Each structure stands twice: as C-alpha cells, then as structure tokens.
Amino acid sequence: MHTEVVAPNGESLALAKEILKRGGLVAFPTETVYGLGADARNDVAVASIFAVKGRPQDNPLIVHVHPEYDISTLVEEPKEYVKQMMHAFAPGPITFVLNSKGVVSPRVSCGLNTLAIRIPKSESALSFLRAVDMPVAAPSANKSKHTSPVTATHVYEDFQGEIPLILDGGRCVGGIESTVVDCTGDIPLILRAGIITAEDIRAVVGACEHAKSGGPVKSPGTKYKHYHPHCKTAMFAPEEVKKAVALATEWRKEGKTVVFLVTEATQAALTLLGEREFYPLGETPEAASRNAYYYLRKAEKEYGGLIAFSLPETEEYRGVMNRLKKACSNE
Ligand code: AMP
Ligand code: MG
C-alpha cells in the first residue's frame, strides 16, 4: 500500500473522508500527538487499528469529535461538574470518560460500558474532524510500545506501507497525550496525567483526584509498557550526573553513542565532567512536554543511547515525567 503524506486541504480532507467511510485508517495531527483514526461505528475498521498497531485487545480507544458534534448521541447526559469542565477545557487536550450509549463499535471501549470522548483544539485536527463529520476512534499513531508521534514523519516511520493517508499538520505543540479523566463518579478522577492538571480541574469544579494505582485498572492502557524509543535509555536524578556519566562510559565501551536529555542545570554539571552531546528538554513543564517525545524519537535515529534526568515532583511535571519514566524504564 502506498502511504500518502499531505497537508490537510480540501482535496486531502475529502480523501480522508472517503477512506474512513470505506473502513480505512487515516493518521491526523492534534495539539497533543498524532492519532490513528477509524470510523468509530465501524467494527472492522476499529479492529484494524488494534491489528496495525499491535495494540493489546483490552486497551480502549478515545473517540474524537469536532465541537459542534452532538455527543448526546454517543454518551449519557453528563454530570454537572463535567459540563463545567467541558466549558473550561474543551476543545483542548483533555479526554472525558463518560457512560456510553453503546452506539459505536463495542471494540472502541473493549467491552467497558464507558466511552472516552475528546474534542481537540488544533486547527488541523478541527478541519479534519469537521470534514469527516463522524466519531473518529483513535489511539496515538505509533506501533504499540513505541514512543508516540509528534510529527508526520514519526507516523510514517511506524506505518509506511500499512495505512493510506497521513495528514501532515507539522509538529504537535502539546507533545504528550491528553489528560484522561473518569467523569462517571461524584468527582473527576484523573486516569492519565497530561497538560491539564488536577489543580487546573480543581480550580474549575472544586475537586479532582488522581485514580489510585493498585486497585482495579480503570484506564487499562496505563498498565502496559509504553513510549520506548528504539535505543538504550536510562534515567537518573539530577544530583546523579556522575553515575550518568559512568553509565554513558560503559555504553560507549559497547560501541554505542550517547546523548543526554538535559535542563540548563544538568547540562552545566555534565559539561564540567567533559560531556558534549545534549538535547535541551527545556526549563518549563510546557517545554518539557513539547520536547520529550520529539527528542526520544530523534535519539533513536542519531544515537545508540539516551540518558534523561528526573523532573521536579510537581503536578505540572507529572504528565511528562510519567512518560519519560516509562520511556526510560527497561521493564
Ligand atoms: P492512547 O491514545 O494510545 O494513548 O490510548 C488511549 C488512552 O485512553 C488509554 O490510556 C486508555 O486506557 C484510555 N481510555 C480510552 N477509553 C477509556 C475508557 N472507556 N475508560 C478508561 N480509559 C479509557
Ligand atoms: Mg498511545
């Protein structure tokens, strides 16, 4: 199969709609990461997302719709706090887990009675969703376990020859996946951290907690190995630069080249120890989120190993830190 990579325009969006209507897959940009979309109502199309990604069968998908789409056709009437959250954060990088009406393919939710809904805000995502005007089931457009894609090239690298169309909207500004919030209980519960934080949600509706790990897994995807680039990875605390250099030295003896994913502080400390190869993660939670996947993907092409440093244990860094930790763990 030929894989076309093209900017969203009248012609490519009409083609995207044709492909989805026929049960095919289209990759599209959003403000978080690229998604791999199918018509959520088409059982066979949804099944093919799992097949092409190599995605575990119990890891449900998010349904993407444009802001004018009537979601009351898909989910039960949401609670009052959800309406407030939607008013404050949607369109945006947040996903609402709601009680499903069961009208999309049951494969989307992997048999759960809930449905995850997201209304993205980037212009390219909106032009795509408005053009196709249907509920689009989409996980991130990467092979299962691989680092999520933040450019059309990243998507092409994983799915060249396997999907017909990638809409190229440039580099994603958010850089990590949406905040997933269980909105079926009395208060919002964060299942997956993202750029919109628990504090942001509390400021609007008064309450919000992170779902406890260890109990029954509400967001099944969170239990799998994730985000790993195709190179060696490791993570140290910022105070452990000496240990990081020792590991880099070991990897170099094995013939690997090594890059450090740094802040200004860790770069300064590593420079004193003679290191020279750096990727700048950035100095704010927004910059770190935007850059993390981008550099993980760059590292796998340019180096044999990447060494990262842990970020402050604050709510703002929670989303990106969660991703980096998984990308740098070898479990
Ligand atoms: P991905 O887009 O590949 O990052 O995966 C979608 C994420 O949304 C995964 O973490 C899923 O577990 C989560 N998700 C999707 N639908 C539901 C649902 N109905 N209930 C809980 N979590 C969900
Ligand atoms: Mg994913």
Side-chain angles (χ1 to χ4, degrees), residues 25 27-38 40 46 49-65 71 74-76 78 82 93-120 125 135-150 154-155 158-159 172 174-185 188-196 210-213 215-229 289 292-293 296-297 319-320 322-324 326-327:
L25 304 182
F28 62 98
T30 77
E31 71 276 22
T32 60
V33 302
Y34 276 71
L36 182 61
V46 174
I49 292 182
F50 287 87
V52 165
K53 276 194 62 137
R55 185 177 178 94
Q57 296 289 337
D58 62 348
N59 188 3
L61 310 178
I62 294 169
V63 165
H64 297 70
V65 292
I71 62 165
L74 304 174
V75 288
E76 303 291 349
V82 186
I94 186 164
T95 297
F96 303 90
V97 173
L98 299 162
N99 290 313
S100 180
K101 281 194 168 168
V103 299
V104 299
S105 160
R107 290 177 193 270
V108 171
S109 298
C110 303
L112 299 169
N113 55 13
T114 51
L115 187 65
I117 302 267
R118 181 158 117 73
I119 305 165
V136 176
S140 52
N142 53 276
K143 291 282 182 183
S144 190
K145 301 189 180 70
H146 194 201
T147 311
S148 306
V150 293
H154 294 161
V155 182
D158 280 17
F159 295 113
C172 302
I176 60 169
E177 296 86 346
S178 61
T179 307
V180 178
V181 189
D182 177 0
C183 294
T184 61
L189 273 186
I190 295 184
L191 303 175
R192 177 176 73 186
I195 289 167
I196 293 175
H210 287 272
K212 302 250 179 318
S213 51
V217 192
K218 263 279 197 148
S219 194
T222 50
K223 75 182 184 225
Y224 292 106
K225 183 171 172 173
H226 256 113
Y227 317 126
H228 216 288
S289 302
Y293 290 150
L296 288 167
R297 286 272 188 157
V320 58
N322 170 292
R323 272 51 166 211
L324 269 183
K326 288 187 180 170

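Because the structure is a prediction, the values reported are computed rather than measured. Both counts, for ligands and for their atoms, begin at 1 and track the order of listing. The first residue in the sequence is number 1, and the count goes up from there.
- Residue nearest to atom 6 (C) of ligand 1, selected from H226, H64, R118, R55: R55 (by heavy-atom distance).
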Exercise for the section: Could you give me the CA-CA distance, side-chain angles and deciding distance for T32 and S178, then say whether side-chain hydrogen bond (donor to acceptor under 3.5 Å, both in side chains) is met? Expected result: CA-CA 6 Å; T32 60; S178 61; 5.8 Å; no
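- Taking NE2 from H226 and CG from N142, the interatomic distance works out to 7.5 Å, rounded to the nearest 0.5 Å.
- Contacts between N59 and ligand 1 below 4.0 angstrom, taking non-hydrogen atoms only, involve the side chain exclusively.
- At a heavy-atom cutoff of 4.0 Å, ligand 1 is contacted by no atom of T95, backbone or side chain.
- For S140, a nitrogen or oxygen atom sits less than 3.5 Å from a nitrogen or oxygen atom of ligand 1, counting backbone and side chain alike.
- Counting backbone and side-chain atoms alike, S140 contributes an N/O/S atom closer than 2.8 Å to the Mg ion (ligand 2).
- Here is the list of ligand 1 atoms found below 4.0 Å of a heavy atom in I62: 6 (C), 8 (O).
- Residue E76 holds its CD atom at 11.0 Å from CG of L115, rounded to the nearest 0.5 Å.
- For the pair C110/F50, a side-chain contact is recorded, criterion being any heavy-atom separation below 4.5 Å from C-beta on.
- Contacts with ligand 1 closer than 4.0 Å are made by heavy atoms of both the backbone and the side chain of T114.
- Ion pairing between R118 and E177 fails under the 4.0 Å rule for side-chain N and carboxylate O.
- When each atom of ligand 1 is checked for a heavy atom of A116 under 4.0 Å away, the hits are 15 (C), 16 (N), 17 (C).
- Of the inter-residue distances, the one linking K53 atom NZ with H146 atom NE2 reads 11.0 Å to the nearest 0.5 angstrom.
- Side chains of Y293 and H154 form no contact here, defined as non-hydrogen atoms less than 4.5 Å apart.
- With atom 23 (C) of ligand 1 as the reference point, the heavy atom nearest to it among P60, P56, C110 is part of P60.
- The L61 neighbourhood of ligand 1 comprises atoms 15 (C), 16 (N), with distances under 4.0 Å to a heavy atom of that residue.
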